[in-house]
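Owing to the predicted nature of the structure, the values given are computational and were not obtained by experimental measurement. Each ligand, and each atom within it, is numbered from 1 in the order the structure gives.
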Amino acid sequence: MHEIFEAIKRGAKRVHEAINFEELGYCEGENCSGEKQLKLDVKSDEVIEEELSKINSVKILASEEKTEPLLINENGKYLIGYDPLDGSSLIDVNLSVGSIFGIYENGFNGKDLVASAYIVYGPRVELVIATVKVERFILRDGEFHFMEEIRLANKGKINAPGGTQKEWYDYHKSMIDSLFKEGYRLRYSGGMVPDLHQVLVKGGGLFSYPGTKDKPNGKLRKVFEVLPFANIFEKAGGFAINEKGERLLNLKIDNVHDTTPCFFGSKYEIDRVKEYYDIKG
Ligand code: P6P
């Protein structure tokens, strides 16, 4: 798997270059989630596909930007689900964005996930890798240097509430408000990667993207976004559940583009979700 992480690093440096020098602007098409595609979305996807395709152990690549997974090497061991440039619509206002990777064996269900990683393209470029633990790296002089192991405390101070608020269910709004009443700080940019990175690096809190009246299955994609981060939060000592209190890593997929409501956080905050969602146990 080491060679996969090295390919991710090479891809990250090339995507970072593209973000800084390629023109913005939209393509004609949409991705299969019906979202307009930036030329940078397509470029980032091409770069990452090129780097990962060189690795003999890679069997299948599934990208958020492509309708169908790609068979790379019939004899490969790993299936990689990735979002090449998450939150790309934030680039034109110069906010942080990211790339997300889930490394799977045998399938794209939660139980098949064996490792995950993400890159944050912000004031600094950082890489986080979760194998048996969660390790943070910073890009300096063309190389990624180890910074620290990420561990979550039992309780944090950050509340990152996603989703269209007028479409929130009442019990979800009450749960979110209960944390603000305790003095939690609102930290939400609309970029999943920097928003979750902040909760992780600050040691805890809650990131939520719930099911809503208009989108009961939420917005965030299981294979490319949710399961990779669920693995990272659990390996960092946190929790990652859906609206029924199920571990996100226990979820199955029907389609590689499935979405799910998702809650990521420390124990105190996830217990609060369970309380307001009337989840027992
Ligand atoms: P909303 C970006 O488009 C994204 O997929 C995630 O990065 C982010 O968490 C979410 O959508 C933001 O969605 O509905 O809050 O704007």
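- If you check which protein heavy atom lies closest to atom 12 (C) of ligand 1, you get Tyr188 OH, 3.4 Å.
- Asp214 places no side-chain N or O within donor-acceptor distance of the main-chain N or O of Glu167, the cut-off being under 3.5 Å.
- Only the side chain of Arg221 comes within 4.0 Å of ligand 1, judged by heavy-atom distances.
- Counting atoms of ligand 1 from 1 in the listed order, those under 4.0 Å from a heavy atom of Gly190 are 2 (C), 6 (C), 7 (O), 8 (C), 10 (C), 12 (C).
- Tyr82 and Val47 fall within the same hydrophobic cluster, defined by Ile, Leu, Val, Met, Phe, Trp and Tyr side-chain heavy atoms under 4.5 Å apart, directly or through other members.
- Residue contacts with ligand 1 include Asp86, since one of its heavy atoms falls under 4.0 Å from the ligand.
- In terms of heavy-atom proximity, Leu52 sits nearest to Ile8 at CD2-CG1, 4.3 Å.
- Taking only nitrogen or oxygen atoms, main chain and side chain alike, Met192 reaches within less than 3.5 Å of ligand 1.
- Test Val273, Leu249, Leu251 against Ile241 for side chain to side chain contact (heavy atoms under 4.5 Å, CB included) and you get one pass: Val273.
- Taking all heavy atoms of Lys219, Glu225, Glu167 into account, the minimum distance to atom 13 (O) of ligand 1 is reached by Lys219.
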request  = Evaluate the ring-ring contact (aromatic ring centres under 6.0 Å, His included) criterion for residues Tyr171 and Tyr277: first the C-alpha distance (whole Å), next the side-chain angles of each, then the deciding distance (0.1 Å), finally the verdict.
outcome  = CA-CA 7 Å; Tyr171 52 85; Tyr277 275 67; 4.9 Å; yes

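- Shown in contact with Gly163 at under 4.0 Å from a heavy atom are these atoms of ligand 1, numbered in order with element: 15 (O).
- The shortest contact between atom 14 (O) of ligand 1 and any protein heavy atom is with Tyr209 OH, 2.6 Å.
- Between the side chain of Lys77 and the main chain of Val58, no donor-acceptor pair closer than 3.5 Å is present.
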